[in-house]
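The residues of the chain are indexed from 1 along the displayed sequence.
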Amino acid sequence: MKITSFFLYLLITCTAVSIFSSEKIMIGGIEGIDPTSQEKTYPVLLALSGGGARGLTIIGILKAFEEKNIEIVGIAGTSMGGIIGGLYASGYSPHELEDFADELNFGTLFSNSPPRNSMFLTKREGNEKHLLSIRFNKLKPVFPKALTAGQELTSLLTRLTTKANYKCGSDFSKLPIPFLTISTDIVSGKQVILQNGSIAEAMRATMAFPLAFTGVERGDQILMDGGMVTPIPVELARRLSTKTQYVVAVNTTSKLAKKDEILNPIDIANQVTSIMTEDKLQAQLAKADFIIEPPIDAYLSSHFDKRDALIEIGYQYGLEKADEIISQLQHKKISTICNIVQIQSQSLPQREIESLQPYLLNQKVSMENLVNTLKYFTYQNNYFALDISLNDIKSDTTDMVKKFL
């Protein structure tokens, strides 16, 4: 097999029925389309939001996507979407995630305390009387930064991701599915992209919701919930794969609660965050190719006890939306017509350029036929990979330069 590095340029004109800004296609290589495969798969990138318990619907959606042969080739998630997305990217199946959700006691998981039944009776009674505890240092009160440091959750995430972390060498792009999550540095107010290091720490940082959890300290930074700066990371998802630039955004963010549903400081923080990030949420959703918003208005971010219902809603809604995604992807392949008017190369032998000309030069081909032609070319010439970048394709006819690596 040749592992030849070369640049091939095609000057083409593209007409697309639907508007999309860019597309990347890789034939061969480690991540690319198998040039010999005849199986139809539908690669997509996922952008996942937070939403507490509402985010558990993502598990059902992942299960539906697998059944419909939709291939997840990259995941960018924040908060609960970062946790579920990170575990799925680490190799856990939707069924395993569902089992975890069924077995976990979220009441103790999102805490620092030992299980209540392991405490002395007098200690149990004391704990039940207070929302939080304040310790004293030489008669000076030391106020906690949050209700909990979430040590139980941190320990669980570490146990679940240790093997994956070792195998990927702490590089999240080398997980079974490339992954990144985001956090907010509350010192600078800036977004922090987490894509290497400890997977567990990254997931712990992205879900550190104000008042509920303490932040993760890293150097001069204090990392907390990524949803405060980027409620759903659509743009970042496009960095994760060369197979596609098609992003499916799953929005499970909390809706504004009613007055009688705002019961404690965490509810207030959640309400304020939802109000302040609404514009950012809509701006990111507008950049997605497809949006999934499960019908979960009746559920709050605290409804972990209703996890089975939430996962089932995600599954049923995911099946319905998967068909729409497949239809849209199929339509885009046949509706984008490329007219190739010139072939150039910096280093590819002239004879190989000439071998491509009968298939492409002065031909009007759909994107689907273009991919099939390049699969054939890659296979016939024993190339390791052929990387195609398509940029700024619009609904009108535009002269374009496409680069092959």
Side-chain angles (χ1 to χ4, degrees), residues 42 44-72 75-110 150 152-153 156-157 159-161 164 176-177 179 181 199 203-204 206-207 209 212 227 231-233 237 248-255 257 261 270 288 290-326:
Y42 306 96
V44 302
L45 296 160
L46 283 187
L48 306 175
S49 75
R54 293 162 55 91
L56 294 174
T57 55
I58 296 169
I59 297 174
I61 292 169
L62 291 171
K63 182 179 176 182
F65 279 12
E66 286 196 355
E67 290 185 10
K68 291 289 187 176
N69 212 25
I70 292 178
E71 179 188 8
I72 311 301
I75 300 174
T78 187
S79 198
M80 181 58 79
I83 292 177
I84 294 174
L87 291 175
Y88 186 69
S90 297
Y92 289 98
S93 71
H95 291 289
E96 288 174 317
L97 295 178
E98 191 172 4
D99 289 341
F100 289 145
D102 286 340
E103 293 173 6
L104 295 177
N105 183 342
F106 286 94
T108 60
L109 185 64
F110 288 80
E152 289 288 329
L153 180 60
L156 175 67
L157 294 176
R159 177 171 61 83
L160 294 178
T161 59
I177 299 173
F179 168 72
T181 187
I199 303 171
M203 291 191 289
R204 169 65 180 81
T206 195
M207 52 71 64
F209 190 74
I232 186 165
V248 175
V250 181
N251 178 25
T252 57
T253 52
S254 299
K255 305 298 181 182
E261 294 171 339
N270 190 38
F290 195 92
I291 301 171
I292 295 179
E293 295 181 306
I296 50 175
D297 287 350
Y299 297 87
L300 301 178
S301 60
S302 59
H303 281 166
F304 287 101
D305 58 325
K306 299 178 181 179
R307 54 188 175 271
D308 291 342
L310 286 163
I311 292 172
E312 181 62 21
I313 290 172
Y315 173 65
Q316 295 297 335
Y317 199 67
L319 288 175
E320 176 186 333
K321 294 303 175 182
D323 289 335
E324 294 182 30
I325 291 169
I326 291 170

Legend entry - Nearest-0.5 Å distance that lies between atom OG1 in T57 and atom CG in N251: 9.5 Å
Inset, instruction - For residues Y315 and A64, report the shortest heavy-atom separation together with the two atoms involved. - result: O-CB, 3.5 Å
Inset, instruction - For side chain to side chain contact (heavy atoms under 4.5 Å, CB included), just list the numbers for I72 and V44, CA-CA rounded to whole Å, side-chain angles, deciding distance to a tenth of an Å, and then say yes or no. - result: CA-CA 5 Å; I72 311 301; V44 302; 3.7 Å; yes
Legend entry - Any donor-acceptor N/O pair, S49 side chain to I232 backbone, under 3.5 Å: no
Legend entry - Heavy-atom side-chain contact between L62 and L46 under 4.5 Å: yes
Inset, instruction - Working to the nearest 0.5 Å, report the span between OG1 of T161 and CZ of R159. - result: 10.0 Å
Inset, instruction - Nearest 0.5 Å please: distance from the CZ atom of R204 over to the OG1 atom of T181. - result: 12.5 Å
Legend entry - Qualifying residue for side-chain contact (heavy atoms from CB on, under 4.5 Å) with F100, from I84, I59, L160: L160
Legend entry - Atom pair CD1 (I291) and NZ (K321), whose distance is rounded to the nearest 0.5 Å: 10.5 Å
Legend entry - L56 side, atom CG; H303 side, atom NE2 - distance, nearest 0.5 Å: 12.5 Å
Legend entry - Stepwise side chain to side chain donor-acceptor pair (under 3.5 Å) check, E320 with Q316: CA-CA 7 Å; E320 176 186 333; Q316 295 297 335; over 6 Å; no
Inset, instruction - Nearest 0.5 Å please: distance from the OH atom of Y88 over to the CD1 atom of I177. - result: 5.0 Å
Inset, instruction - May I ask you to decide if G50's main-chain N or O and T252's side chain share a donor-acceptor pair within less than 3.5 Å? - result: yes
Inset, instruction - Find out whether L310 and Y299 are in side-chain contact, i.e. whether some heavy atom of one side chain is under 4.5 Å from a heavy atom of the other. - result: yes
Legend entry - L87 vs E96, side chain to side chain contact (heavy atoms under 4.5 Å, CB included): CA-CA, chis, key distance, verdict: CA-CA 10 Å; L87 291 175; E96 288 174 317; over 6 Å; no
